[in-house]
Amino acid sequence: MADWIAPLQLSELNELTIVVRLVLSALLSGVLGFERTQKRRPAGFRTYMLVSIGATLVMITGEFLAKSLGGDAARLGAQVISGIGFIGAGTIMMTGHQQIKGLTTAAGLWAAACMGLAVGAGLYFAAIITFVLLALVMILAERLQGKFIARSKHMRVYIILDKFECLHKFLNYVRSHGISVDDFNLNSTDSHEGIGVTCELGFKEKRAHSQVIELLSQFEGVAFLEEF
């Protein structure tokens with residue numbers, strides 16, 4: 001344990017340390033969940049707090065049982081790691097436009113549960129460092145990733161064309177503007193006449209993806225278009 005924590009005597013399991021661990025778990029996970037809530041994700045402030053607090057309590061209970069009855073204190077915590085997958089899977093969904101959403105939220109929930117286990121085990125320093133890293137990843141890394149993707153030489157788009165007959169003309173339109181179509185797949189849509197197309201586009205030089213989206217949207221047969 002870190003030297004600055006040792007004098008506080010928070011390693012022993014008692015009423016004070018139980019309160020400290022549960023409150024610390026709630027505070028750390030609450031900050032992470034607030035970031036998800038701001039982005040209107042299905043699992044946000046309350047979900048993150050509940051998952052982390054529950055994981056902390058499981059670890060505290062495991063430690064209590066191990067000291068009282070003997071056995072492995074980590075056995076209950078191991079079930080949290082596998083069980084959190086059910087909650088995480090519920091946040092992952094495929095949208096009607098062939099986008100997969102919720103992966104970051106699911107991974108964040110799993111990490112929050114692990115952080116809660118660390119707090120419950122009394123590894124305060126490790127939990128706080130984990131919180132700082134998770135916060136940086138969730139807040140800053142997304143911006144860096146977005147900037148990198150927006151200027152890369154490849155992009156994937158989902159397009160809905162009004163009619164199947166527009167497909168050949170659309171592909172020719174794309175290639176005529178110096179954009180290569182490296183791969184594409186056809187998908188069904190809610191419209192009986194429209195057709196969904198998933199394309200992977202490539203450029204010889206870096207181009208702003210927003211400009212490419214605007215260019216492709218000008219094609220007469222495009223009913224919907226977005227990058228994913």
Side-chain angles (χ1 to χ4, degrees), residues 1-93 100-146:
M1 183 179 294
D3 294 338
W4 61 274
I5 295 178
L8 301 177
Q9 298 182 350
L10 297 177
S11 59
E12 293 297 324
L13 189 62
N14 52 52
E15 288 81 0
L16 175 61
T17 57
I18 289 174
V19 172
V20 170
R21 294 179 189 184
L22 290 172
V23 172
L24 178 61
S25 179
L27 290 175
L28 298 182
S29 59
V31 175
L32 298 177
F34 182 73
E35 187 273 340
R36 293 285 90 187
T37 298
Q38 285 186 314
K39 291 181 168 57
R40 303 286 184 177
R41 297 301 186 258
F45 184 71
R46 292 181 300 173
T47 305
Y48 269 72
M49 290 183 69
L50 290 172
V51 166
S52 185
I53 291 172
T56 301
L57 180 60
V58 166
M59 204 63 196
I60 292 173
T61 304
E63 182 180 346
F64 172 78
L65 292 176
K67 290 182 178 180
S68 301
L69 305 175
D72 186 2
R75 181 172 297 178
L76 288 177
Q79 304 307 312
V80 173
I81 300 299
S82 57
I84 194 65
F86 289 97
I87 299 178
T91 67
I92 302 173
M93 64 187 71
I100 298 177
K101 292 186 178 293
L103 288 175
T104 301
T105 300
L109 283 173
W110 182 83
C114 295
M115 182 182 68
L117 292 175
V119 175
L123 297 174
Y124 305 107
F125 182 74
I128 293 174
I129 293 299
T130 300
F131 159 73
V132 173
L133 292 175
L134 289 175
L136 289 175
V137 169
M138 295 173 69
I139 297 173
L140 299 180
E142 183 178 9
R143 299 176 184 176
L144 294 176
Q145 178 178 283

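Here the CD1 atom belonging to I128 is positioned 11.0 Å from the CG atom belonging to L123, to the nearest 0.5 angstrom. Within the model, atoms CG of L57 and CD1 of I53 stand 9.5 Å from one another, a figure rounded to the nearest 0.5 Å. Interatomic distance, CG of L32 versus OG1 of T130, reported as 10.0 Å (0.5 Å rounding).
S29 is linked by a side-chain hydrogen bond (donor to acceptor under 3.5 Å, both in side chains) to nothing, counting only residues two or more places apart in sequence or in another chain. By the side-chain contact (heavy atoms from CB on, under 4.5 Å) test, A111 pairs with L134, sequence neighbours left out. V132 is linked by a side-chain contact (heavy atoms from CB on, under 4.5 Å) to L136, counting only residues two or more places apart in sequence or in another chain. With sequence neighbours excluded, the residues satisfying side-chain contact (heavy atoms from CB on, under 4.5 Å) with I18 are L13, L22, I60. Taking V58 as the reference, L76, V80 meet the side-chain contact (heavy atoms from CB on, under 4.5 Å) condition, with sequence neighbours excluded.
For the pair Y48 and L109, the tightest heavy-atom approach, listed with the atom from each and the gap, is OH-N, 3.6 Å. The minimum heavy-atom distance between A127 and A118, with the atom names listed, is CB-CB, 4.1 Å. Annotation for V51 and A113: closest pair CG1-CB, 3.7 Å, computed over non-hydrogen atoms. M115 and L28 make their closest contact through CE-CB, 3.7 Å (heavy atoms, listed as atom of the first residue, atom of the second, distance).
With contacts defined as side-chain heavy-atom distances shorter than 4.5 Å, the pair T17/Y124 qualifies.
Side chain of S52 to backbone of A26: no donor-acceptor contact under 3.5 angstrom is found.
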